[in-house]
Enquirer: 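Before I ask anything, here is the structure I am working with.
As the structure lists them, so they are numbered: ligands from 1, and atoms in each ligand from 1.
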Amino acid sequence: MVDIPYRRELEFSYGTVAQLAPGIRRVIANNPSPFTFHGTGTYILGSGRVAVIDPGPNDADHIDAILNALGDEEVSHILVTHTHMDHSPGCRLLQAKTGAPTYAYGPHGAGKVEQGVQVEEGGDMDFQPDHLVKHGDIIRGADWTVECVYTPGHTSNHLCFALLEQKALFTGDHVMGWSTSIISPPDGDMAAYMDSLHLLLERDDQVYWPTHGPSIIDPKTHVQAYIDHRLDRERQILLCIDQGTHQIRDMVPLMYKDTPEFMYPAAARSVLAAIENLVQKEQVREEGEGPAMDKAYHLA
Ligand SMILES: [Zn+2]
């Protein structure tokens, strides 16, 4: 198996702002979990008239902490990487206090709806961006410039934001230092995710700032390890099937030996995403009706 060069050390305290680099500050929300690590890191770009990336969960204390950090400064833009419940619901609270408009790829499921697939489960279904942005769009603020980088996969509407002044990429949940990303169909899509990882290899960002956990200071090595890890998972699935394990629920304990059992349902979603990709590539075929967890998978 590939070793991903994880970075997990992070010194911070909830409710206080940290200056991370010129023009980059962060306040971490108090919503730690096995999925959010210490919690949602909300980034503040620029000074005076600032952009806020991912206001986080529906948590008034967190929004107050952001506003306290800003004092007399104004929020001119709210940027949203994607519409999971730990990222976008805080927009409504922050917008109520600042009037700043939101910028995002689209509502939850937007990327799948474009392909004719309706996504109804999970996500912040109430979020409607004020401004739709697409890949390559440039958003200019008072003393910052952001390029939008469309990176579907974790969700179909996932964006990374590049702060051009710092060659820094805010990677949301696309690439994280502390963990791999969960790809959960139907909105999550492994083929799209792999394409979005390869897209980052072609860029020259110097540092990544994920929503959860510390920065990634060797971006390309990290992304390549992420890619290799997913290819390892594909090989493991093919091996499972070859050795007579045909259902996802039976593959998970074999593939995730180091993962605590309460994470198995999430792991099963990622296995499903990988299998969907293998079916699409005609390396695996599915048998049976109904939910994917009841299907049997065979080598094609
Ligand atoms: Zn997410």
Side-chain angles (χ1 to χ4, degrees), residues 4 6 8 26-43 52-59 62 78-92 94 102-113 119-129 133 148-161 169-197 199-200 208-216 222-223 226 229-230 263 265-274:
I4 297 174
Y6 287 122
R8 296 195 168 115
R26 180 176 61 199
V27 180
I28 296 180
N30 194 349
N31 61 334
S33 84
F35 299 99
T36 64
F37 199 33
H38 298 299
T40 301
T42 297
Y43 290 98
V52 170
I53 302 179
D54 286 354
N58 183 29
D59 175 354
H62 180 56
I78 303 171
L79 312 181
V80 176
T81 62
H82 68 294
T83 44
H84 278 153
M85 296 306 283
D86 55 325
H87 291 255
S88 55
C91 287
R92 284 180 287 281
L94 186 59
T102 53
Y103 294 73
Y105 184 81
H108 192 70
K112 284 285 177 172
V113 171
V119 172
E120 282 168 3
E121 67 177 72
D124 174 8
M125 305 307 285
D126 298 331
F127 176 74
Q128 288 288 342
V133 292
C148 302
V149 182
Y150 182 45
T151 47
H154 174 69
T155 65
S156 66
N157 65 355
H158 195 289
L159 287 170
C160 297
F161 295 110
L169 188 71
F170 296 86
T171 52
D173 287 359
H174 180 45
V175 177
M176 298 181 284
W178 76 284
S179 163
T180 57
S181 185
I182 288 172
I183 313 299
S184 179
D187 193 42
D189 183 311
M190 191 63 79
Y193 185 68
M194 294 297 274
D195 288 346
S196 295
L197 289 178
L199 176 74
L200 295 196
Y208 291 169
W209 293 101
T211 297
H212 310 283
S215 62
I216 297 169
H222 198 87
V223 171
Y226 254 44
H229 167 75
R230 296 293 176 179
M263 294 291 281
R269 303 305 298 174
S270 285
V271 174
L272 170 60

Enquirer: For the Zn ion (ligand 1), how many protein N, O or S atoms come closer than 2.8 Å?
Expert: 4
Enquirer: Angle between ring planes, H222 versus Y6, binned at 30° and 60°: parallel, tilted or perpendicular?
Expert: perpendicular
Enquirer: From H158 NE2 over to D187 CG, what is the distance, rounded to the nearest 0.5 angstrom?
Expert: 11.0 Å
Enquirer: So, taking the atom named OH in Y43 and the one named CD1 in I28, what distance separates them when rounded to the nearest 0.5 Å?
Expert: 7.5 Å
Enquirer: Can a donor-acceptor pair be found between the side chains of T42 and H62 at a distance below 3.5 Å?
Expert: yes
Enquirer: Going by atom types only, do T36 and N31 share a side-chain donor-acceptor pair under 3.5 Å?
Expert: no
Enquirer: Kindly assign one of parallel, tilted or perpendicular to the pair H154 and H82, based on the angle between their ring planes and the thresholds 30° and 60°.
Expert: perpendicular
